[in-house]
Number of protein chains: 2
Amino acid sequence: MDSRIVNLRSKLDVYKAMTGGGNLADCPVREVIQGLNGKWSSLLMAALAEQPYRFGELRRLVPDISQRMLTQTLYDLQRDGYVHREVFPTKPPSVEYSLTDLGRSMFGALQHLLQWAELNHDAVREARAGFDATQA
Amino acid sequence: MDSRIVNLRSKLDVYKAMTGGGNLADCPVREVIQGLNGKWSSLLMAALAEQPYRFGELRRLVPDISQRMLTQTLYDLQRDGYVHREVFPTKPPSVEYSLTDLGRSMFGALQHLLQWAELNHDAVREARAGFDATQA
DNA sequence: GGGTGGTGGTCTCAAAAAGAGACCAGCACT
DNA sequence: AGTGCTGGTCTCTTTTTGAGACCACCACCC
């Protein structure tokens, strides 16, 4: 028994899960997190959690995303099972993206982080400003 | 009143927070999330949530991180106020990294996502495999 | 029938970020 | 004098991202 007695079992469990219990290289948790790490993933998830959107609607909704990254991010989210893509055979075929059950479930967890960010972005901004000041 | 009646107020709020209420370009929530988007940020946060670590310990703990990215990710986390860096004037100076209160607070939110990933990585893996099969 | 505009993309090329690995000063121990 | 550990930085290559042109299809409008 050393000083590493852990009173935060759940945190330790999470850490062990991320390290795959010693098998850190191909850890499933890291793979999943990696999929959400994209610059646009969480934003698109938040948008689609509100309601389904079509490709062009998303592009207008997020003006600073390039069409290339919108295509790719949606493809990745679809691949991981968070997003459903449905093509409607209208005159110019339209494509609708919506969350799957898995996507809604995942967003429930992601939401905690987004809400934290909403409540604490001032603290982060302050910390950043203070740090930059000392480094100047 | 159109079909967009929203029964998920909290989700909508999160979305609005991310979009900055129409000011999507410089939205504070996106800035914060961006800081956690790094490939190694969440892993290092999980490690430091368990206990403080020294630089070399972290390097050994996460063998597949390059020294360069370890330095940089820790710097970024410190800049955003999640991590405290303390230099001890030992013979070869040692450096200890630990979570700040802000860091612990943030990890509390991040943890939900990590736990979700731990519980659902099978579903994601399956979705991925199924999707890849249809694309082949 | 010839322009215009909206559909959802792909392709190419430049810029930014990440990874690999060499290198460094300082000191302790042998 | 050599070896090893400390916490880094520097340079080079590869991967990821961003900007923007291009595309086929069809509807609409004259």
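Chain A is the first sequence line, chain B the second, and so forth, proteins listed ahead of strands; every chain is numbered from 1. Hydrogens, waters and symmetry mates play no part in the numbers below; they use all other heavy atoms, side chains included. Quick caveat: nothing in here was measured; it's all calculated off a predicted structure.
For A/His121, the ring-ring contact (aromatic ring centres under 6.0 Å, His included) criterion is met by no residue, not counting sequence neighbours. A/Ser66 is linked by a side chain to side chain contact (heavy atoms under 4.5 Å, CB included) to A/Arg68, A/Met69, counting only residues two or more places apart in sequence or in another chain. Considering only residues two or more places apart in sequence or on other chains, A/Pro93 meets the side chain to side chain contact (heavy atoms under 4.5 Å, CB included) condition with A/Val87.
The CZ atom of B/Phe88 sits 14 Å away from the C1' atom of D/dG7 (whole-angstrom rounding). Going from atom CD of B/Gln78 over to atom P of D/dG7 covers 15 Å, rounded to whole Å. Separating the CG atom of B/Leu44 from the P atom of C/dA18 is a distance of 13 Å, rounded to the nearest angstrom. For the pair A/Tyr75 OH and D/dT16 C1', the interatomic distance rounds to 17 Å; values are reported in whole Å. A/Gln72 has its CD atom 12 Å from the C1' atom of C/dT10, to the nearest Å. As a whole-Å value, the separation of A/Arg59 CZ from D/dG20 P is 14 Å. Here D/dG20 presents its C1' atom at 15 Å from CG of A/Leu70, a figure rounded to the nearest Å. Atom P of nucleotide D/dT6 and atom OH of B/Tyr53 are separated by 15 Å, given to the nearest angstrom.
The ring-ring contact (aromatic ring centres under 6.0 Å, His included) contacts involving residues 76-96 of chain A comprise nothing, where partners must be two or more places apart or lie in separate chains.
A/Arg104 contributes a side-chain N or O that, together with a main-chain N or O of A/Leu99, makes up a donor-acceptor pair within less than 3.5 Å. Using modelled atom types, one side-chain atom of B/Thr100 and one backbone atom of B/Gly81 make a donor-acceptor pair closer than 3.5 Å.
Each of C/dT10, C/dG8, D/dT6 was ranked by its minimum atom distance to the side chain of A/Thr71; first place goes to C/dT10.
Taking a pair as Watson-Crick or G-U with both hydrogen-bonding distances under 3.5 Å, the stems of three or more pairs touching DNA chain D are C:1-30 with D:1-30.
The aromatic ring centroids of B/Tyr75 and B/Tyr97 lie 6.0 Å or more from each other.
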B/S/- contact track for nucleotides 19-29 of chain C, protein heavy atom under 4.0 Å: BB-----BSS-
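For D/dT6, the OP1/OP2 oxygens have a side-chain nitrogen or oxygen of B/Arg60 closer than 4.0 Å.
Note that the CD atom of B/Glu57 and the CD atom of B/Gln51 stand 7.0 Å from one another [nearest 0.5 Å].
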Working for salt bridge (charged side-chain N to carboxylate O under 4.0 Å, His left out), residues B/Asp64 and A/Arg30: CA-CA 12 Å; B/Asp64 57 342; A/Arg30 285 176 65 187; 3.3 Å; yes
